[in-house]
Structure formats: structure tokens, C-alpha cells
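Heads up, the thing below is written out as C-alpha cells.
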2 protein chains.
Amino acid sequence: MIKLDKAKTEIEKGILNQDMIILVGDCFVDYLGRATSKLTKGKRLVLIKGDGSIAIHQNRLVKPTNYMVNTRIGCELNEGALIVKAHKQKPAEKLTISFENIHDLKRYEIEATNDLRLSGSEKDLNEILMQDLSMIEPGLKAINQQQCFRKGICDIIAEDKNGNLVIIELKRRQADFAGVTQLQRYMLQVEKLKNIKTRGILLAPSIRKNALELLEELGLEFAKLDFELTPNDKQKAKIKGLESKQQTIMEHLKK
Amino acid sequence: MIKLDKAKTEIEKGILNQDMIILVGDCFVDYLGRATSKLTKGKRLVLIKGDGSIAIHQNRLVKPTNYMVNTRIGCELNEGALIVKAHKQKPAEKLTISFENIHDLKRYEIEATNDLRLSGSEKDLNEILMQDLSMIEPGLKAINQQQCFRKGICDIIAEDKNGNLVIIELKRRQADFAGVTQLQRYMLQVEKLKNIKTRGILLAPSIRKNALELLEELGLEFAKLDFELTPNDKQKAKIKGLESKQQTIMEHLKK
DNA sequence: GCGATCAGCGGCACG
DNA sequence: CGTGCCGTTGATCGC
């Protein structure tokens with residue numbers, strides 16, 4: 001158990017030093033901002049980071065029960081309690097943690113690096129696809145990537161072998177309603193702008209059954225994106241569409 | 001600095017006991033699952049919870065750089081390093097944290113409660129609105145809430161004073177493209193099902209400019225949701241629509 | 001278990 | 001700073 005006045009000093013030092021601070025103790029929490037919340041008294045872990053983010057963790061779930069980002073943090077003693085306050089404007093938000101006691105307080109000097117290298121994001125897949133769209137459909141040629149319009153940014157614009165403009169919406173995981181309506185929104189926009197008809201392809205590893213129904217009702221197409229994660233620095237991911245497309249051709253030949 | 005074999009024992013005890021475990025030390029991290037990632041060696045804080053969630057935190061941002069949920073966690077000593085592994089299936093994911101050293105290790109017995117009371121969610125607003133929709137428009141009457149259809153669940157179905165069916169999509173914050181297309185999707189569904197025309201109202205505190213354009217192009221309507229957070233137990237929030245509606249009437253009378 | 005949607009979404013990149 | 005959108009989205013609730 002740590003004395004509250006000692007804790008106050010340590011927290012203030014830690015904030016000044018942009019340390020990572022860990023607080024464990026019995027507290028209750030009030031939040032007022034984009035919503036309001038109350039957390040009744042209980043033992044919690046509070047994590048304060050050098051960039052002014054603060055999170056109250058219970059012993060379940062990866063997400064904190066309460067949190068704030070980009071705050072100014074201060075603390076004070078009040079009627080035998082240690083109050084940690086986080087504050088920010090735009091939007092106006094306030095988080096108040098009232099500690100009845102503090103079981104443990106630690107602060108760590110940790111530099112605020114950002115060196116995660118992640119592979120397999122949509123952006124990675126998009127870049128690989130731009131090199132060759134024929135795995136989606138023979139003769140399909142990329143025209144533009146991340147084309148920005150007034151009502152959204154579409155992932156890929158291409159042209160098929162018959163000269164039709166093709167709008168492609170790419171999803172790295174199973175596509176849902178949102179992906180379908182996104183694609184439709186981009187298509188309507190381009191069609192209105194250029195006064196032409198377009199084809200729309202939703203490219204994803206799979207699609208929800210009801211979303212596929214909607215897609216087909218709207219006259220759009222689904223194409224399976226068959227990719228493999230490669231934890232390799234040179235190659236962010238490997239798209240296996242070509243092989244599966246060849247398989248499809250083989251199946252056709254059998255008929 | 002904590003000896004790695006001692007750390008191993010402590011971690012294993014903590015996991016068995018479903019404690020909250022804090023590890024601070026120099027480590028590198030590999031993740032393979034829905035994507036792949038590598039985090040180069042550095043000082044990090046690892047938070048393990050009783051429900052099998054695990055998160056690696058750097059000294060910035062509220063979100064962890066690496067994480068996993070619902071895992072089985074184990075640890076082992078290997079060539080002078082302590083390896084913490086989290087594992088799960090469906091989807092298959094693996095997280096490996098290799099500690100070169102451990103500066104600090106703590107475990108805390110914290111019960112896995114879930115007693116956050118939050119007010120001002122969309123659900124709260126929906127419930128209040130269902131009691132009286134006249135604040136949106138005189139004569140508007142609620143028919144159904146959270147009606148589930150084949151292609152989505154719409155927030156509120158109502159009937160206006162002329163007997164038209166009105167589909168309402170509610171957003172607790174500024175509405176965007178997604179909200180507009182959601183509303184449209186629900187409308188088209190109901191229209192097809194019942195073979196009638198419907199009105200669509202997007203109800204939100206505000207709406208993005210371009211989203212409003214899209215909304216209007218589609219022939220849908222926007223209604224301002226003027227609400228106030230009340231950190232009060234009896235009343236989850238207070239909708240001020242009535243007053244603003246009266247103001248609108250006053251403004252009309254002035255013309 | 002999957003489906004659908006909300007979230008105090010957070011965070012990022014671009015204009 | 002706002003806009004748009006992805007995310008290893010997470011988490012909840014309903015079927």
C-alpha cells in the first residue's frame with residue numbers, strides 16, 4: 001500500500017517525465033464527454049502513457065472500460081482520496097478517477113517508439129493487385145488506385161477486355177453489407193460523373209450470404225480474393241488468385 | 001531486474017490464478033494470424049488478463065501495438081530468453097513475445113467485474129425516442145423498434161400524419177456516408193417487401209456535408225437530434241428536440 | 001456458432 | 001483541422 005501523498009508526487013513526476021505509469025488500487029471513475037459513465041468502486045489498473053493517453057482496465061477484455069486520449073492529466077488530494085483527472089477540449093471531455101487507496105504505483109521510462117511492421121493490410125493487398133489484375137479476370141487492366149471522388153474514395157478503377165470501366169472494392173476479410181453499399185456508392189458516382197455504365201466487383205476472401213444477395217440484386221459481382229500471409233520483408237503478401245483462376249479454367253474445360 | 005526462471009514461475013501461477021499480470025522488459029514480438037506483424041526489440045509493457053486477453057503496450061496511444069483475445073497463454077525458457085506465447089483457434093492466431101530481460105513483473109488479484117454504467121448510447125436514445133417521435137415531426141408515431149429484416153435491422157419504423165411509412169436511422173454522433181446508405185438499404189427492403197413507398201429520415205446531431213448531398217440526391221431527409229447528456233440514473237439522456245421543433249415553428253411564424 | 005451493428009469507436013493519411 | 005475509411009477492428013446482442 002502506498003501513501004496517497006507519496007503517490008501524488010510520483011504521478012506528477014512521471015507525467016512531467018512522460019513516463020508510463022501504472023496505478024493499481026480501489027477507485028471509482030466518472031466520465032463526462034461524448035457520453036457519460038460511472039464505474040463503481042473496485043480494484044482496477046490504470047495505465048497512463050507519455051502522450052497523455054489514460055486507460056482504466058478491469059481484469060477482462062483487451063479494451064479498457066474507461067479511457068481518454070490526448071489529455072492533460074493532473075492529480076490532487078481531496079478528503080483522504082487521490083483524484084486523478086484527465087481533461088481535454090474538442091470534444092470537451094473529463095475523466096475523474098478517485099482512488100481510495102493505492103496498492104501499487106510504478107513508473108517506467110519507455111521511449112515512445114512506433115516500430116511495428118505489419119503485413120497483410122488492405123493497403124498491402126491493393127499494391128500487389130495493382131501490378132496485375134488479370135488474376136481477377138483475364139484482360140482486366142488497372143487504371144487508377146484510390147481515386148478520390150466527392151462521395152468517397154474507391155479502391156481500384158480498372159478496364160475490362162471489352163473496354164468497360166470496372167470499379168473494384170477490396171476487402172481483406174469477409175465482405176458484408178457495408179462493403180456492398182460502398183461499392184455501389186462509388187459506382188453511381190463515377191457513372192453520374194462520366195455519364196457511362198460501369199461494372200462493380202467486390203473483391204474479398206468471402207462474402208456474407210445476405211450481402212451476396214444484395215450484391216446480386218444490385219447487379220454487382222463478387223470475386224474471391226485468395227491470398228496468403230507471408231511474414232516476409234520483401235513480399236507483404238501472396239495473392240493466389242492466379243492459380244485458382246487457372247483451376248476455374250480447368251473446371252470449365254472439363255464440362 | 002527479475003530472473004527469467006523466477007518470472008516463468010510467477011507468470012504460470014498468475015495465469016492459473018487468473019490474475020492480472022504486468023510484465024515490463026525488453027522484448028520483441030511476432031504475430032501471425034489475421035495478419036502478420038513483427039515488433040523489433042524494445043522496452044514494452046505486457047498486460048495479461050484473467051480472461052486470456054493479452055496486450056503489448058508501447059508508451060503512446062491507448063490501443064496496444066499487439067494484442068490477442070480469448071487465448072491460451074503459456075511460457076517457456078529458451079536459450080536465455082523467456083518466451084510468452086498466446087494461442088487460439090478460429091481464427092488461428094499466434095502471438096510470441098520473446099523477453100531478453102524482465103525489469104518488472106507484478107500480478108494482481110482483481111475480480112473480473114463488469115459494472116460500467118454508461119449513458120447516452122444509441123440504445124438509450126432509441127428508447128427515449130420511442131416514447132414520443134413528435135419531436136422529430138408533429139404527428140409522427142412509432143410503430144416498431146429494431147425491426148429485423150433480411151438485409152439488416154432498422155432502428156425505428158414510424159408512420160407520419162399522412163399515413164406514410166417512415167424509416168428512421170438514428171446516429172448518436174455526426175452522420176456520414178455509411179449512415180445514409182444504411183437508411184437507404186432498410187428503405188428499399190421495406191418498400192420491396194410491402195410494395196409501398198416509404199420516407200427515410202436520418203436522425204443525428206449533425207451530418208457531414210457530402211453525406212447530406214448524397215442523402216438529398218437519394219430523396220431522403222435529415223432531422224437534427226438535439227440531445228443532452230444527463231449523468232443521472234433515472235434519465236439516461238434528455239432529448240431537446242421538442243424545444244428546437246418549437247423554435248422552428250416560431251421561425252416559420254415569423255416569415 | 002454466425003450475423004448484424006454500434007463504438008465515448010481509435011488511428012491514419014490526405015487535402 | 002476536417003474527411004473518409006480501415007481495423008489483426010473489439011464488443012454486444014440476437015438468432
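What you see is a predicted model, and the numbers here were worked out from it, not measured in a lab. Every heavy atom of this structure was used, including side-chain atoms; hydrogens, water molecules and symmetry mates were not. In what follows, every chain begins at residue 1, and chains take the letters A, B, ... in the order their sequences are listed.
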By the 4.0 Å heavy-atom rule, please label [X] as base, sugar-phosphate, or nothing.
{"X": "A:Ser37", "value": "nothing"}
{"X": "B:Gly33", "value": "nothing"}
{"X": "A:Lys171", "value": "sugar-phosphate"}

TODO: May I ask you to test the A:Ile22-A:Tyr108 pair for a side-chain heavy-atom distance under 4.5 Å?
DONE: yes
Open item on the list: Measuring only between side-chain heavy atoms, which start at C-beta, is B:Asn126 closer than 4.5 Å to B:Lys123?
Closed with: no
Starting at [atom1] of [X] and ending at [atom2] of [N], how long is that distance when rounded to a whole Å?
{"X": "A:Gln174", "N": "C:dG3", "atom1": "CD", "atom2": "P", "result": "6 Å"}
{"X": "A:Asn126", "N": "D:dG4", "atom1": "CG", "atom2": "C1'", "result": "15 Å"}
{"X": "A:Lys151", "N": "D:dG4", "atom1": "NZ", "atom2": "C1'", "result": "14 Å"}
{"X": "B:His57", "N": "C:dG11", "atom1": "NE2", "atom2": "P", "result": "11 Å"}
{"X": "B:Asp124", "N": "C:dT5", "atom1": "CG", "atom2": "C1'", "result": "16 Å"}
{"X": "A:Glu213", "N": "C:dG3", "atom1": "CD", "atom2": "P", "result": "12 Å"}
{"X": "B:Leu212", "N": "D:dG2", "atom1": "CG", "atom2": "P", "result": "18 Å"}
{"X": "A:Asn210", "N": "D:dC15", "atom1": "CG", "atom2": "C1'", "result": "12 Å"}

Open item on the list: For A:Gln174 and A:Arg208, which I'm curious about, is there any donor-acceptor pair between the side chains at under 3.5 Å?
Closed with: yes
Smallest separation among heavy atoms of [X] and [Y], with atom names:
{"X": "B:Val180", "Y": "B:Leu220", "answer": "O-CD1, 4.2 Å"}
{"X": "B:Thr113", "Y": "A:Arg60", "answer": "O-CD, 3.5 Å"}
{"X": "B:Met20", "Y": "A:Gln58", "answer": "CE-O, 3.0 Å"}

Task: Residue B:Lys94 excluded, over 12 heavy atoms near NZ under 6.0 Å - done: no
TODO: Give a yes or no on whether A:Gln89 atom CD has more than 12 heavy-atom contacts from other residues, nucleotides or ligands under 6.0 Å away.
DONE: no
Open item on the list: Is B:Phe177 stacked against the base of D:dG4, taking the criterion as centroid distance under 5.5 angstrom and interplanar angle under 30°?
Closed with: no
Open item on the list: Please give the distance between the C1' atoms of D:dG14 and C:dG8 as a whole number of Å.
Closed with: 24 Å
Task: Separation between the C1' atoms of C:dC14 and D:dT8, rounded to whole Å - done: 24 Å
Task: Distance-only donor-acceptor test, A:Glu122 side-chain atoms vs D:dG7 base atoms, 3.5 Å - done: no
Task: Basic-acidic side-chain contact under 4.0 Å: A:Glu111, B:Lys43 - done: no
Task: Carboxylate-amine/guanidinium proximity below 4.0 Å for B:Asp115 and A:Arg44 - done: yes
Task: DNA chain C contacts among residues 60-72 of chain A, heavy-atom distance under 4.0 Å - done: A:Asn66, A:Tyr67, A:Met68, A:Val69
Task: Atom pair NZ (B:Lys63) and OG (A:Ser53), whose distance is rounded to the nearest 0.5 Å - done: 12.5 Å
Open item on the list: Rounded to the nearest 0.5 Å, what separates atom CG in B:Leu214 from atom CD in A:Gln189?
Closed with: 8.5 Å
So does [X] get a side-chain nitrogen or oxygen closer than 4.0 Å to the phosphate oxygens (OP1/OP2) of [N]?
{"X": "B:Arg172", "N": "C:dC9", "result": "yes"}
{"X": "B:Arg173", "N": "C:dC9", "result": "yes"}
{"X": "B:Lys123", "N": "C:dT5", "result": "no"}
{"X": "A:Arg34", "N": "C:dG10", "result": "yes"}

Task: Residue whose closest nucleotide on DNA chain C lies nearer the 5' end, A:Ala211 versus B:Leu118 - done: A:Ala211
- [ ] Report the residue from A:Asp26, A:Leu23, A:Ile83, A:Val24 that forms a side chain to side chain contact (heavy atoms under 4.5 Å, CB included) with A:Phe99.
- [x] A:Leu23
Open item on the list: Let's see if you get this right: which residues in residues 180-194 of chain A place a heavy atom under 4.0 Å from DNA chain D?
Closed with: A:Gln182, A:Arg185, A:Tyr186
- [ ] Identify, residue by residue, the members of residues 199-209 of chain A with a heavy atom below 4.0 Å from DNA chain D, and return them in order of residue number, or none.
- [x] none
Task: Closest to side chain of B:Lys90, choosing from C:dC9, C:dC2, C:dA4 - done: C:dC2
